[in-house]
Amino acid sequence: MEKRPRVGYLCMEWGLDPSLPLYAGGLGILAGDILKAAYDLRFPMVGVGILWRQGYVRQVVEDGRVIDAYPRYDDVRLQLQETGVDVTVEIRRRPVRIKVWRLDGRSRPEGARHAPLFLLDTDLPDNADRWITGQLYGWFGEERVAQEMVLGIGGVRALQALGLEPELFHFNEGHAVLAGLELIRQGMEQGLPFEQAWQAARRRIVFTTHTPVKEGNEVHPLDLLEYMGAFCGLNRRQMIRIGGDPFQMTVAALRLARAANGVSELHGRTARRMWADVTNAPPIQGITNGVHVPTWQDPQMAAAYASGEDLWAVHQSLKQELIDFVERRTGVRLALDRLLIGFARRAAPYKRADLIFRDPDVIGPLLESGRVQIIFSGKAHPLDDRGHEIVQSLIAMQRRYPRAVVFLPDYDMAIARMVTRGADVWLNNPRRPMEASGTSGMKAAINGVLNLSVLDGWWPEACRHGENGWQIGGGYEGPDADAHDARSLYETLMGEVLPAYEGDRARWVRMMRESIASVVERFSASRMLQRYAEALYRGGAAEPVAGR
Ligand SMILES: *Cc1c(COP(=O)(O)O)cnc(C)c1O
């Protein structure tokens, strides 16, 4: 049995291990890395999430086409423990029973242990609405609200029923917002007027925002929320004061939290600008993400770095492992002694996976001669047609340059782990300032894989051009950014990266060492959790002023 935790960390997705397909991307990996850091630092935290029956979409490629698949993950339950606890939430005026499972992180191998995670599950034989916890980010509005009711309202009730009610609730993204309304409802039930119940709830909530695009922030019609039962006993006027009409989840989260943060310094500034006209919000700080080092740094590389040994030999063996992995999966055999670029991330348009192909006259000869090889991986959101087109276009490039370009379908933690340790260079070219953080670059950096990246997300804080990696684009945010950044990418690739790789091994290895040195502590999940403790959890943030 746990002690009562200080923090209950609520997140829609959890990326703890490749065998637990409960995540879609960076948001979930971040949550998983924090829970591991909490274990390492003995920080009193528990996680709350959802036991997704079909996980997130899986993608296979057949005849050059992407096909979405949703297998059932029945055996995931074998890794979980019964808590004997279930809670009920009324959704669409019907009681939905939610079973609470426990994932005990202490029994995992060293380096992968984590604080406890409680998973909510509606897939029970006596539930009419058992499919609510079916698919992560699948389906549309009504189902999404039902899922958010399970996470938020169900999450609060689950921790209370377990005897683990935390001092603080940390909302990782706006999906958990209804937890705040549930706390207000409970305050009013105990006799507090709405205003006081709101303030009392607010003293117990902190919020991390991740999405630097307005359209990426979820909005729900009030009528829908009312019909679903998501008002939690509040009236329409009170709901509008918190989230507006229509109800904006990020606005509501800001007005329910006593402290908030974006996930890098640059993203903190972007978020402050985006939400500047939201009254009654706490200041949005910039607290840069970090990665769980034992999860993401290869142990041989860590050992070689620590003892001052030759990093090159270790790197080459990791690269060979990646090359073998690619051959097993795709049949393509890449060359060990030629520059290998890695690019693996969700197939979102702003990430511009195909930017490097913009001018075939420049990139074509480099690929045809085999001087440059690229491994891509990525998954498109099931409802995102543009994302599917991006994957499709990468597959077309693989056909066009069959010896130099490979696409690995079904991007997941296992692929991320292989590519962020086995490539020579980690390419990242989002349209600035849309990449809030970009933790895959940190994973690469701590393995001595050199970042070649637009100055977006975390990279402006870490980059020393030509010493621990390279920047692209000089922070440009003006018109024709694609043409501008592609030109800069080509110049740096041909003028600096290739000459260093092909001509100056000693310099390359110095840069690898510098890459690890400058990132491994400053951008670790432990450091991030310590910053959260100081700046969010310790009441370090200013108390919000009602009404401003
Ligand atoms: C680290 C990771 C991410 C996040 O990386 P970004 O740099 O934000 O794209 C996404 N998906 C997986 C599987 C990861 O391991």
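Just follow the structure's listing: the first ligand is 1, and inside any ligand the first atom is 1.
Shown here for Ala525 and His292, the closest heavy-atom pair between the two residues is CB-N, 3.7 Å.
Contact shell of ligand 1 (protein heavy atoms, cutoff 4.0 Å): Gly25, Gly26, Ile29, Trp296, Arg345, Lys351, Tyr411, Asp412, Met413, Ala416, Gly438, Thr439, Ser440, Lys443.
For Arg144, the CZ atom is densely surrounded, since the number of other residues' heavy atoms within 6.0 Å is greater than 12.
The aromatic ring centroids of Phe357 and Phe343 lie 6.0 Å or more from each other.
The cationic group of Arg58 does not satisfy the cation-pi geometry with Tyr56, failing either the under 6.0 Å distance to the six-membered ring centre or the 45° limit from the ring axis.
Between Arg431 and Asp482, at least one side-chain nitrogen of the basic residue sits less than 4.0 Å from a carboxylate oxygen of the acidic one, meeting the salt-bridge criterion.
Residues passing the salt bridge (charged side-chain N to carboxylate O under 4.0 Å, His left out) test with Glu467, sequence neighbours excluded: Arg464.
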